[in-house]
Amino acid sequence: MTKKKTMNFTKYIKWFWGIVLGGLFAICFIFLLASWGAFGTLPTFEELENPKNDLATEIISSDGKTLGKYYLKANRTPIQFKDLPDNLVKALVATEDERFYSHSGIDFRGLARAVAKLGAGGGASTITQQLAKNLFTKKASQNKFKRVIQKIKEWVVAVKLERQYTKQEIITMYLNTQGFLFNATGIRSAARIYFGKEPKELDLQESAILVAMLKNPRQYNPHRKVSRKKSLARRNVVFSQMEKNGFLTEAQRDSLQKLPLKIKFTPESHSDGLATYFREYLKQFMKRWAKDNPKADGEFYDIYKDGLKIYVTIDSRMQKYAEEAVTEHMANLQKYFFDEQKKNRTAPFYDIEKSDIRKILNRAKKNSDRYKRMKAAGKSDKEIEKAFQTKTDMRVFTWKGDRDTVMSPYDSIRYYKHFLRSGLVSIEPQTGHIKAWVGGINNKHFKYDAVKQQKRQVGSTFKPFVYATAINQLKRSPCDRLPNTPYTIPKEKYGMEDDWTPKNAGEKYGGELTLKQALAGSINVITARLIDEVSPVNVARLAKSAGVETEFQANPSIALGAIDLTLLEMASAYSTFANKGMRVSPMFITQIEDKNGTVLDTFVPETKEVLSEESAYVILNLMEGVTQAGSGVRLRTTYNRPKYITGYPYKFNNAIAGKTGTTQNHTDGWFMGMVPNLMTGVWTGGEDRSIHFAGIDKGQGAAMSLPTWGIFMRKCYEDKSLNISKEPFDKPSDLSINIDCAKHEEDKKDEKKGEGEDKEKDEDEF
């Protein structure tokens, strides 16, 4: 080699190393500038330690299940590394970052490949860099220069994250911040929404589907029809990557790739999932709680962002059975109501004029979201009326699923009026814990809550309070007899406008009946005699002490339930009977924690004695007669019943105390039923009081609400883990009131015989 050539070669070498070293120096200098904040502020140490992410507030049932969440944008509930299945971690590393455990935030080998191939061989972002982007880059810029600056900052943050956290913590944070569409933010929400599971329950192919979505949640989404093929193909890429990295054998990969794409889509919107009506009530409670319980810095808790944990008394199993029971019976009962309305010219209304129907429909129009939106947009009444009369595409509720149709908004209002509504609430009497809360038949389409929000006439379900007052105040026995004859309370006695003479159903009278027979047969005239004996004021006082919160006037008509109360009030008050006369206020929250597990508040119920234990037991004995020989007897019998009695026969043979209730014109149907450790109340009726069955056969509480109770309790008994009692109610050891009516009759005969003998003796002596 000549001297000149040697000099040129040396020159090229110097230039090469100058460029390389200069490039490295430039890169280091750029990183240094970025770390100094030359390209904009970087996260502080505190921000790295506590990244600001909106966290959904979680509602946790008494059996440890998530009932739902409160969030606005991010349905995110973070979990720990120990909650991640090993197959998910391996799939993630193999697919997204093969050298994750060997680099310190930046994969220079992958970066060099990406630069050399101009990105054609795939990107070079590590899991740590993707985490940095998720945490601190709100939106990737479309401007190439700005995006380069963002990328540099992400590199710097990635290095800082690697110094700050372990590899396990980085994987966990990454999966907790990733979006998966359909309100699924974070791996826990994704596992629940796409598979109905907790992350640790995911099998390998389920994990692979979720990892496949990380590249592009929309493009590789397994739920969207348009992207299922791509999702399947990408899932198989994940299996190939796992085989390449030694996590699977070739045979395992081939076997897994042949599996069909399967998900169990379980959406988690505010109108989906369990206990939707309860969750709505709880949300309003939590908003009030937040205002009354500020943070240490004076700010208010935000249930949509602060990641609170609310531990509630609802049992997810019982809630599921309650919702199933309501659905089963109401879907069946509704068929008979629809059939009846085909012959009704004013369907679904009865007993009112057309002008009144127009008022009802107009009121519903003004309460609708459509009307409120148009009014807010400044539309005139004429424009709104025209819109409500114009047919349009819409999706409506049916018991077989939502259906697309064409109808005017006015027609849709009338259509929805045809649906009967129902509510169920179940309470553990000893603790006051609300175990199930079903506020309606479908929260998406029928928002009004029949448990706490709605008040309806209670009918004969109020009669036990009259009997309980007589037992507690006068030591009345279930075996005491009263005449089954018309009874009048004069108006001047209680300040009424007119004399009050109630009638029996069917106006059947005659003879004498025991109190147990009278309550079982819901005999009005005997209930009227009893309330006159003890006074309406004392009955009202007992009912309010037991748990009725609504103010009402204490007049004789309350004996027949001529007052409007909530289902929750009635169930809570009845629970006092099952809890030996002790009132325990209903309770739906046990504890509230912040995102770190710090207890913010705990809740305990209020208790007080309302009845003596003896009186409570005697009224339970009276109400057992309702299910032994009265309107609730179909809970025990097995002979054929009409098909509108869903779930029959129920075949219960354990102690059940209960009371049916049917209001005027069969508008409201009730059933309140108790076993020793569970009180469950059910109401059924139309949205408006003029919406009801034409006859009492289908319109009574024993047909409208009792079947729901029967189905619910049967499901609860079949689940042995619930431990719902089948035992008799506890009998006081010192019971002084006679409940053995056969013995009571003998005692009466002996008493009369003794009186006769004494009279003869007196006459002889005279």
Residues Glu58, Thr66; criterion side-chain hydrogen bond (donor to acceptor under 3.5 Å, both in side chains); working and verdict:
CA-CA 7 Å; Glu58 188 174 9; Thr66 299; 2.4 Å; yes

Shortest non-hydrogen separation from Tyr301 to Asn293 and the atoms involved
CD1-O, 3.4 Å

Start with the C-alpha gap between Thr431 and Met587, add the side-chain angles, then the distance that decides, and say whether side chain to side chain contact (heavy atoms under 4.5 Å, CB included) holds.
CA-CA 8 Å; Thr431 62; Met587 182 175 167; over 6 Å; no

Indicate yes or no for a side-chain donor-acceptor contact from Glu323 to the backbone of Ala275 under 3.5 Å, with no hydrogens or angles considered.
yes

Of all residues at least two apart in sequence or in a different chain, which pass the side-chain contact (heavy atoms from CB on, under 4.5 Å) check with Leu722?
Asp315, Arg317, Met318, Tyr321, Cys716, Asp719, Ile724

Test side chain to side chain contact (heavy atoms under 4.5 Å, CB included) on Val599 and Gln591; report intermediate values, then the result.
CA-CA 7 Å; Val599 176; Gln591 190 165 286; 3.6 Å; yes

Looking at every non-hydrogen atom in both residues, tell me the closest pair between Leu248 and Phe239 and how far apart they are.
CD1-O, 3.7 Å

Pair Ser189-Lys69, side-chain hydrogen bond (donor to acceptor under 3.5 Å, both in side chains): steps then yes or no
CA-CA 10 Å; Ser189 292; Lys69 301 175 186 177; 2.9 Å; yes

Would you mind checking if Glu280 and Lys447 are paired as a salt bridge, meaning a charged N to carboxylate O distance below 4.0 Å?
no

Check this for me: does any side-chain nitrogen of one of Asp86 and Lys90 sit under 4.0 Å from a carboxylate oxygen of the other?
yes

Are there over 12 heavy-atom neighbours, none belonging to Arg288, within less than 6.0 Å of that residue's CZ?
yes

Side-chain (Arg224) to main-chain (Arg218) donor-acceptor, under 3.5 angstrom:
yes

Looking only at atom types and distance, does a side-chain atom of Thr57 sit under 3.5 Å from a main-chain N or O of Leu308, one as donor and one as acceptor?
yes

Taking atom CD of Gln80 as the centre, report whether more than 12 heavy atoms of other residues, nucleotides or ligands fall under 6.0 Å from it.
no

Can you find a heavy atom in the side chain of Gln241 that is under 4.5 Å from one in the side chain of Glu98?
yes

Min side-chain heavy-atom separation Ile209-Phe195 under 4.5 Å
yes

State, with a plain yes or no, whether a side-chain heavy atom of Arg234 is found less than 4.5 Å away from one of Thr95.
yes

So that I can tick it off, tell me whether Asp306 and Lys295 are bridged by a salt bridge, with the cut-off set at under 4.0 angstrom between side-chain N and carboxylate O.
yes

Closest approach of Asp297 to Glu299 (non-hydrogen atoms, all atoms of both residues):
OD1-N, 3.0 Å

Is a side-chain donor or acceptor of Tyr220 paired with a backbone partner of Leu214 at a separation under 3.5 angstrom?
no

Over all heavy atoms of both residues, which pair between Ala184 and Tyr194 is shortest? Give the atoms and the distance, please.
CB-CE1, 4.3 Å

Minimum side-chain heavy-atom gap Glu162-His103 below 4.5 Å
yes

How long is the gap from CG on Leu161 to CD1 on Ile127, to the nearest 0.5 Å?
12.5 Å

Less than 4.5 Å apart, any side-chain heavy atom of Ile589 and any of Asp601?
no

Can you measure from CG (Asn87) to CG (Leu92) and round to the nearest 0.5 angstrom?
11.5 Å

Is there a donor-acceptor pair closer than 3.5 Å between any side-chain N or O of Lys435 and the backbone N or O of Thr313?
yes

Quick check with a 6.0 Å cut-off and a 45 degree axis cone: is Lys444 positioned over the face of Phe397's six-membered ring?
no

Would you find more than 12 non-hydrogen atoms of other residues, nucleotides or ligands less than 6.0 Å from Lys264 atom NZ?
no

Donor-acceptor contact present, side-chain Tyr70 to main-chain Arg279, <3.5 Å
yes

Measure the CZ-CZ distance between Phe180 and Arg188 for me, rounded to the nearest 0.5 Å.
14.0 Å

Ile79 versus Lys200: any side-chain heavy-atom pair under 4.5 Å?
no

Which value, rounded to the nearest 0.5 Å, describes the distance between Leu67 atom CG and Leu282 atom CG?
9.5 Å

Answer whether the closest heavy-atom distance between the side chains of Leu424 and Trp437 falls below 4.5 Å.
no

About how many Å separate CD of Glu96 and OG1 of Thr126, when rounded to the nearest 0.5 Å?
10.5 Å

Can you check side chain to side chain contact (heavy atoms under 4.5 Å, CB included) on Trp399 and Ile441, steps first, answer last?
CA-CA 10 Å; Trp399 276 113; Ile441 58 174; 3.7 Å; yes

For the backbone of Asn221 and the side chain of Ser227, can you confirm whether one donor and one acceptor N or O come within less than 3.5 Å of each other?
yes

Quick one: does Ser255's side chain have a donor or acceptor within less than 3.5 Å of a partner on Ala251's backbone?
no

Please confirm whether the backbone N or O of Met242 pairs with a side-chain atom of Arg253, one donor and one acceptor, at under 3.5 Å?
no

Answer yes or no: does atom NZ of Lys283 have more than 12 heavy-atom neighbours from other residues, nucleotides or ligands under 6.0 Å?
yes

Hey, are Glu718 and Lys715 close enough for a salt bridge, meaning a charged N less than 4.0 Å from a carboxylate O?
no

On a heavy-atom basis, which atom in Leu175 and which in Leu84 lie closest, and how many Å separate them?
CD1-CD1, 3.9 Å

Is Gln257 reaching over with its side chain to a backbone N or O of Asn236, donor-acceptor style, under 3.5 angstrom?
yes

Kindly indicate whether the side chain of Tyr311, heavy atoms from C-beta on, has any atom under 4.5 Å from the side chain of Ile592.
no

Over all heavy atoms of both residues, which pair between Asp63 and Ser61 is shortest? Give the atoms and the distance, please.
OD1-OG, 2.5 Å

Going through the distances and angles, do Thr266 and Arg192 end up as a side chain to side chain contact (heavy atoms under 4.5 Å, CB included)?
CA-CA 7 Å; Thr266 312; Arg192 287 171 54 84; over 6 Å; no

Rounded distance (nearest 0.5 Å) linking atom CD of Gln130 with atom CD of Gln178
6.5 Å

